[in-house]
2 protein chains.
Amino acid sequence: MLPEERKLSILNAAKEMFAINGYHDTSISDIIKRADIARGTFYLYFKDKREIFDALFDQLLQKINESLMRVTIAPDQKPPLDQIAENLHRIFQLAMNDPELARILFRHAPGLDSITDQKIEGFYNKIASLVEGALALGEKMNIVKKGDFKLISIFITGGVKEIMDRITRPENHMPQIDKIIKELIDFNLQGLASGTADIVQTQE
Amino acid sequence: MLPEERKLSILNAAKEMFAINGYHDTSISDIIKRADIARGTFYLYFKDKREIFDALFDQLLQKINESLMRVTIAPDQKPPLDQIAENLHRIFQLAMNDPELARILFRHAPGLDSITDQKIEGFYNKIASLVEGALALGEKMNIVKKGDFKLISIFITGGVKEIMDRITRPENHMPQIDKIIKELIDFNLQGLASGTADIVQTQE
DNA sequence: TGTTAGACTGACATGTCAGTCTAATTATCT
DNA sequence: AGATAATTAGACTGACATGTCAGTCTAACA
């Protein structure tokens, strides 16, 4: 087996084990058993257990980063709403294509140590600020009404995380991605209030 | 020191250590050092490390459970929107009163093992279904318009989680609780769309 | 002064697991 | 074929955390 193939196969074995059992409950023995290699072989390719975890995790963060585009209004761009829908589509699709990595991100990476936590925090902050930027842009274009965009972008980020978490579980009972995106955009734009009633005073 | 005091002091030491370093990176030695007791004393009060963690965690889940009321329209009840605001107020306040427990819930409990994960999942499912129930009620009352309530309730649950996570961090830069609740309710009801423009076709 | 209850102590036995080491095996080249 | 290099197997080591237990200490009471 070529070195490159071997490395990938070890990474893959580790990914599967980490996704199921997490970092601490996955031993080197578990990984090499699944990869069907000897102990020493593992250490030819990775310095230690932490290095292989970081390799997997960083790879995921980078993929998500690459799939998120800032929303702009350049002349060669699609409408902002389409750009948003495409962003959502890309990250949902990415997560569903590699549910094990998603499991690691959502279940097993948080709280691992302060370095990993910082990576995660910086990452979500980036997403939230991207959303915030889109809202600010929308306001400037008179599409979006005023509000605490910082707060709302955090709320939206949390909502999107939760949806991603759900659609990447083994027992995924969620609707199709496009259906989800349509529903989310509608909800975020129009809210829940029925147009026909004055909500706040309905109880009088 | 009375046994009851001692037990509380150990629980408190453990809570602080777990909140900072998580379950795996907190050793019994760390806990007893902070509680200023000998090793054996710890085992007089708790069977093992896991038992003290579960004690803390279950206590938090129960507190949150108790603070969440189902939204109804009994004659002696306040309007639904007020009930929702009060629910939000109670859980936000609860979390801020004990930020260490919140840290454990958000950072360190997920992914610990399948039993803890199931507790967490069941717990969030309960919240989501509570939200879903409120939406369904709203629809029946003609306050809320039709939609995929299951999906939306998951999204909202994620958003609320994210806000709770943020306001319970040591470096909390979020607005006041009442301000947050007002903003969230407005956003969820009315959405982002400015009333003055037709959003979807703005880019033509 | 002696006795008892029971909270508390801390040295130690036990187990686990990441990472190392060496010998054996396989592949590559001359 | 023989030499050399690359790769592999898996036994082994050492560090560290958990949980135990025989014994101490204190305060109250007889």
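The chains referred to below are lettered A, B, ... by the order of the sequence lines, with proteins before strands, and numbering in each begins at 1.
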Rounded to whole Å, CD1 of A:Ile52 lies from P of C:dG19 at a distance of 12 Å

- [ ] For the pair A:Phe155 and B:Phe187, name the ring-plane relationship: parallel under 30°, tilted 30 to 60°, perpendicular over 60°.
- [x] perpendicular

Any salt bridge linking A:Glu121 with B:Arg169? Criterion: basic side-chain nitrogen under 4.0 Å from a carboxylate oxygen. yes

Out of C:dA7, D:dG10, D:dG19, minimum distance to the side chain of B:Pro3 belongs to C:dA7

From NZ of B:Lys33 across to P of C:dT9 the rounded distance in Å is 15 Å

Separation of D:dT7 atom C1' from A:Ile37 atom CD1, nearest Å, is 11 Å

Expected list for residues 9-18 of chain B near DNA chain C, using heavy atoms below 4.0 Å, is none

Of the candidates C:dG19, C:dA18, D:dT8, the side chain of A:Thr41 sits closest to D:dT8

From CG of A:Asn21 across to P of C:dC17 the rounded distance in Å is 12 Å

Taken to the nearest whole Å, CG/A:Leu44 to P/D:dA9 is 10 Å

Set out, in order, the CA-CA distance, both residues' side-chain angles and the distance that settles salt bridge (Lys or Arg N to Asp or Glu O under 4.0 Å) for A:Asp113 and A:Arg50, then state yes or no. CA-CA 11 Å; A:Asp113 61 23; A:Arg50 189 49 199 261; 2.3 Å; yes

Rounded to whole Å, CZ of A:Phe42 lies from C1' of C:dC21 at a distance of 17 Å

>> Quick check with a 6.0 Å cut-off and a 45 degree axis cone: is A:Lys161 positioned over the face of A:Phe106's six-membered ring?
In response: no

Rounded to whole Å, NZ of A:Lys7 lies from C1' of D:dT7 at a distance of 16 Å

Using only atom types and a distance under 3.5 Å, with no angle test, would you say the side chain of A:Thr26 pairs donor to acceptor with the backbone of A:Met17?
yes

Between A:Gly40 and A:Ser27, whichever has its closest DNA chain C nucleotide further toward 5' is A:Ser27

| Cation-pi, A:Phe18 ring and A:Lys49 (6.0 angstrom, 45 degrees) | no

Closest of D:dT8, D:dT18, C:dG19 to the B:Lys49 side chain is D:dT18

A:Phe46 CZ to C:dT20 P, in whole Å, measures 15 Å

With the side chain defined as heavy atoms from C-beta on, B:Tyr45 is closest, among C:dT20, C:dA7, D:dT20, to C:dA7

Would you kindly check if the NZ (Lys) or CZ (Arg) of B:Lys119 is within the cone defined by 45 degrees around the ring axis of B:Tyr124 and under 6.0 Å from the six-membered ring centre?
-> no

No-H, no-angle donor-acceptor pair, B:Arg39 side chain to C:dA11 base, under 3.5 Å
no

